[in-house]
Every structure is written in structure tokens, then in C-alpha cells.
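In what follows, a single structure is set out as C-alpha cells and then discussed.
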Amino acid sequence: MEIRFSDRANGLKASEIRELLKLTEMPEIISFAGGLPAKELFPIEKIKEVMLEVMDKDGTAALQYGPTEGYRPLREIVATERMSTAHMNLTADDVIITTGSQQGLEFSAKLFLNKGDTVICESPSYLGAINAFKAYEPRFVEVEMDENGMIMSELEKALKDNPDAKMIYTIPDFQNPTGITMSDDRRKRIAELASEYKIPVIEDNPYGELIYEGEVHPAIKSFDKEGWVVFLGTFSKTFTPGLRLGWICASPEILNKYVLIKQGADLQSSSLDQRIAAAFMQKYNLNEHIEKIREVYGKRRTLMLESMDKYFPEVVKHTNPYGGLFTWVELREDLDAALIMKECIKENVAYVPGGSFFPNSARKNFFRVNYSCMPEEKIVEGIKRLGKVLSMYY
């Protein structure tokens, strides 16, 4: 068939992560590839109970159309409880509900980007965001990171060299893919630079509450004096991804545009799912559930890092995240993690090769591993298998 697709559609490619996630369906594979929460921690019985209550008390509204902005009680919960790290007097009017935070990324590209516009992002950056932005045909400027996140001097240079840049994209907490966390002074500085250069910052924060050491960091949004920071949040990592619920918090001028975009995309997120989530958080303490997740993930994180130190060749480097879902492995510069992956599959273990996380440079000697969704015995065995393969190259 000679179908005439749009240039945008012709430019779309399958997500490397989504393709690799198919491996998780193969029982013999120990997969560290996805960013999946631990399914055994989902509060299934409590959700079943709440679902029945929603249908009994509010069934007709739960199955009906709702406002594009989202179910107001859920927006109030987000504004007053889940956005606590913003340290702002937020209300439901500062928030709209999205169908996962991935929708917030796609909407951000649609809102700010024309063909050829510049996006400034961390190097490396989240593949899902890169793919969402690429559909709008921008150019990317990558900013190097160190152990404290995006290097502010490099960011300021990028802003000076690209005065027409349209947005900055960052994941300040336990960044995907590296696990690196931005220091508080840099969070303040990026908000100052946004105001100085009049450029929006998309603060993507799916992991901020999943901290295993110390206190939750203040959001970049907390330092935002003029409304240049757009905060994207989600319940996928702290509650359940199947409900597909996220949110956008932004200044009224920006948020109103997001509402118009959402009206054209899906009219609204699921009325039923929003009511289930709100009812759950009205009846149960989500923070207690998050504490349970932190305890399990923290142990798995520590076990994975200790296993890497034990079974990987000594010269192989990895980050040491104190929260989130991922650690980032650096190999010798002459090695290609995508090619090594083929050997790993033979050993029934998987990760995500790192090249696709670099929108421009495609540095191939990195890979990402996830520690949240595998039980402890499989973490040890999987890292042993990875270490066996890596030893073939050192």
C-alpha cells in the first residue's frame, strides 16, 4: 500500500524501551530493562474496595464525561498534598489532571515547539521525553551533568549560545536514566535562569517521593517567582500506573493553554480512574503506602549496587542513586552496550542500552538498569549474569 503519511508520522520510530519491555513477558528473562513498579506492592484489595464504593455512591458521574481540567477533589489533593515540595499556596485551579505524565510531555512539546526550535536538556535524558519532543522536529542542545545534576555554567552557556531556545527540560530527582539528583542550589539557579532568559522549564518529577536516604528535595517550582516553571507529576510510581493519572501544575496563562490542548486530544482523563484515586487518598494515607514502597525499593537498590561492586569488573563504573528506580552503568569508551546486550540475552538477562538517551551524541558505552521490579534473589542472579558477560570484554 502506498499510504501518504505526514512527515511527522514518517519520522516516528519505535521506542527502544517499549520494545525491550516485551522481554519482561518472557519468564526466563531477568529483565532490568523497564521502569516498572513492583506489582506485588499494588494495594489491590483497598482499590477494589474503593472502586465498589465509587460505583455505589457516584457511579453515574464516574461513568460520565467530566471537566477537561479534571475531577476537582483529585486536583485539590494534588495541589495541597502531592505538591507539598513546591512550598507554594496552591489550589485546585493551579492543577490539571493528565493521562499520565507522558501526556504532559507530549502536550509541552505541542505547546512550545515549532519545527527547528531548540530544546535544552540534560545529557543523557529520558528517552520517552526525547521521543515525545522529536515528533515536533526540534533540535536538541545537551547539557552535561555531574554528581549534582545539570551543570549550571554549561546550562548558562547553552542559553547564551541559543537565545531563541524554547524550553529547558529536566528531571531533577533521581534522573532517568542516571539516577542523579540535582542539588538544591542548582534548583534555585535554574529557576533564576528561567526568569532571566524568559524560557519555560519543564520539571519532570515522577520519582521525587521515592527517596531512600535523607529528606525529599524542594521542587524547582518552589523557587519559581514569575511562573516560568511547569511541574509534571504522576501517580504511576507512587500508586499505580494502570490508572494512567498524572498532572500539570503551572501558572494560569500557561495552564489555560494546556487545557485547550487537552480538549483537542482526549477531552478529559478517565472520570472513573480519577474518582478511584481521589477516594483512595481520602480514605487511606498514600504516604504510608509510599513508605512501604521506599522500604522495599531501598533494599533492592542497595542489593543491586553491592552486587555490581561484587560481580562487575572493577573498572566498570555506575552511579549510586539514593532514590528513584535506576542506576546508570558506564563501560569503556570503545564498547557498545547494544552489541553486548545480544550476549546478555543469551544469558537471559536484559537492560536498556544507553545510546538512545542521548538525543544528539548517541554515546554507546552506557546502559540503564532498574532495581524496583525484580525480587532480591533475581537481582543478585541477574547481576551475576551481567558480570559474566561484561568479564568477556575486560
Side-chain angles (χ1 to χ4, degrees), residues 82-90 94 101 108 118-126 129 140-163 165-234 237 248-251 254 294 298 301 305 317-328 330 357:
R82 303 330 319 163
M83 288 295 299
S84 60
T85 58
H87 304 300
M88 302 168 71
N89 294 320
L90 299 173
D94 298 303
S101 61
S108 296
T118 298
V119 176
I120 299 176
C121 65
E122 292 148 342
S123 181
S125 189
Y126 171 47
F140 292 89
V141 172
E142 299 179 40
V143 176
E144 291 293 324
M145 292 189 292
D146 60 19
E147 67 276 7
N148 292 310
M150 190 184 289
I151 299 171
M152 289 297 107
S153 59
E154 295 295 319
L155 173 59
E156 189 159 8
K157 182 179 185 300
L159 289 166
K160 289 178 178 177
D161 292 346
N162 300 274
K166 295 296 284 293
M167 68 182 192
I168 300 168
Y169 172 69
T170 179
I171 310 165
D173 291 276
F174 321 119
Q175 196 242 18
N176 184 354
T178 65
I180 290 172
T181 296
M182 185 182 290
S183 61
D184 292 356
D185 61 318
R186 293 189 186 183
R187 293 166 191 252
K188 181 179 180 182
R189 183 58 183 151
I190 198 172
E192 293 170 347
L193 290 171
S195 178
E196 183 178 341
Y197 285 88
K198 310 299 180 188
I199 183 171
V201 174
I202 309 301
E203 179 181 9
D204 192 5
N205 195 325
Y207 316 108
E209 295 185 272
L210 298 181
I211 185 168
Y212 316 131
E213 301 169 20
E215 300 296 324
V216 174
H217 290 268
I220 296 172
K221 184 86 179 143
S222 69
F223 301 106
D224 181 22
K225 305 300 183 184
E226 298 181 0
W228 289 102
V229 179
V230 175
F231 184 102
L232 305 183
T234 181
K237 304 302 188 293
I248 300 171
C249 178
S251 63
I254 295 176
R294 285 175 176 168
R301 179 278 320 255
L305 297 180
K317 302 175 185 177
H318 61 78
T319 57
N320 292 281
Y322 56 93
L325 306 183
F326 307 107
T327 186
W328 184 241
E330 180 179 356
F357 293 94

For Arg186, all residues meeting side-chain hydrogen bond (donor to acceptor under 3.5 Å, both in side chains), sequence neighbours excluded: Asp146
Atom pair CZ (Phe174) and NZ (Lys237), whose distance is rounded to the nearest 0.5 Å: 14.0 Å
Distance (rounded to the nearest 0.5 Å) between Phe140 CZ and Thr118 OG1: 10.0 Å
Rounded distance (nearest 0.5 Å) linking atom NZ of Lys160 with atom CG of Leu155: 11.0 Å
Side-chain heavy atoms of Pro124 within contact of Trp328, under 4.5 Å: yes
For Ala158 against Val141, the heavy-atom pair lying closest together: CB-CG1, 3.9 Å
Donor-acceptor contact present, side-chain Thr327 to main-chain Thr319, <3.5 Å: yes
Nearest non-hydrogen partners of Arg301 and Gly323, listed with the distance: NH1-N, 4.5 Å
By side-chain hydrogen bond (donor to acceptor under 3.5 Å, both in side chains) - contacts of Lys157 (at least two apart): Asp161
Gap between atom CZ of Phe231 and atom OG1 of Thr85 - 0.5 Å precision: 5.0 Å
Neighbour count above 12 (heavy atom, 6.0 Å) for Asp185 CG: yes
With Ser108 via side-chain hydrogen bond (donor to acceptor under 3.5 Å, both in side chains) - residues at least two apart: Tyr258
Electrostatic pair Asp184:Arg187 at N-O distance under 4.0 angstrom: yes
Met182 vs Glu203 side-chain heavy atoms within contact, under 4.5 Å: no
Which side-chain N or O atoms in residues 205-212 pair as donor and acceptor under 3.5 Å with protein atoms at least two apart or in another chain?
{"from": "Asn205", "atom 1": "OD1", "to": "Gly208", "atom 2": "N", "distance (Å)": "2.8"}
{"from": "Asn205", "atom 1": "ND2", "to": "Asp173", "atom 2": "OD2", "distance (Å)": "3.1"}
{"from": "Tyr207", "atom 1": "OH", "to": "Asn176", "atom 2": "ND2", "distance (Å)": "3.1"}
{"from": "Glu209", "atom 1": "OE2", "to": "Arg82", "atom 2": "NH2", "distance (Å)": "2.5"}
{"from": "Tyr212", "atom 1": "OH", "to": "Gly324", "atom 2": "O", "distance (Å)": "2.5"}

Gap between atom CE of Met152 and atom CD1 of Ile190 - 0.5 Å precision: 4.5 Å
Check: Tyr169 and Asp204 side chains under 4.5 Å, non-hydrogen atoms: yes
For Ser222, all residues meeting side-chain contact (heavy atoms from CB on, under 4.5 Å), sequence neighbours excluded: His87, Pro218
Minimum side-chain heavy-atom gap Tyr197-Glu156 below 4.5 Å: yes
Pro321 vs Thr181 side-chain heavy atoms within contact, under 4.5 Å: no
Test log, rule side-chain contact (heavy atoms from CB on, under 4.5 Å), inputs Lys198 and Glu226: CA-CA 10 Å; Lys198 310 299 180 188; Glu226 298 181 0; 3.6 Å; yes
Exam field: side chain Glu122 to backbone Ile171, donor-acceptor pair closer than 3.5 Å: yes
Any Lys221 side-chain heavy atom under 4.5 Å of Cys249 side chain: yes
side-chain hydrogen bond (donor to acceptor under 3.5 Å, both in side chains) involving Ser101 - partner list, sequence neighbours excluded: none
Met145 side, atom CE; Ile180 side, atom CD1 - distance, nearest 0.5 Å: 4.5 Å
Parallel, tilted or perpendicular: ring planes of Tyr322 versus His217, cut at 30 and 60 degrees: tilted
Gln175 and Met150, any side-chain heavy atoms less than 4.5 Å apart: no
Side-chain donor or acceptor of Glu213 paired with backbone N/O of Gly298 under 3.5 Å: no
Closest contact, heavy atoms only, Phe326 versus Pro177: CB-O, 3.7 Å
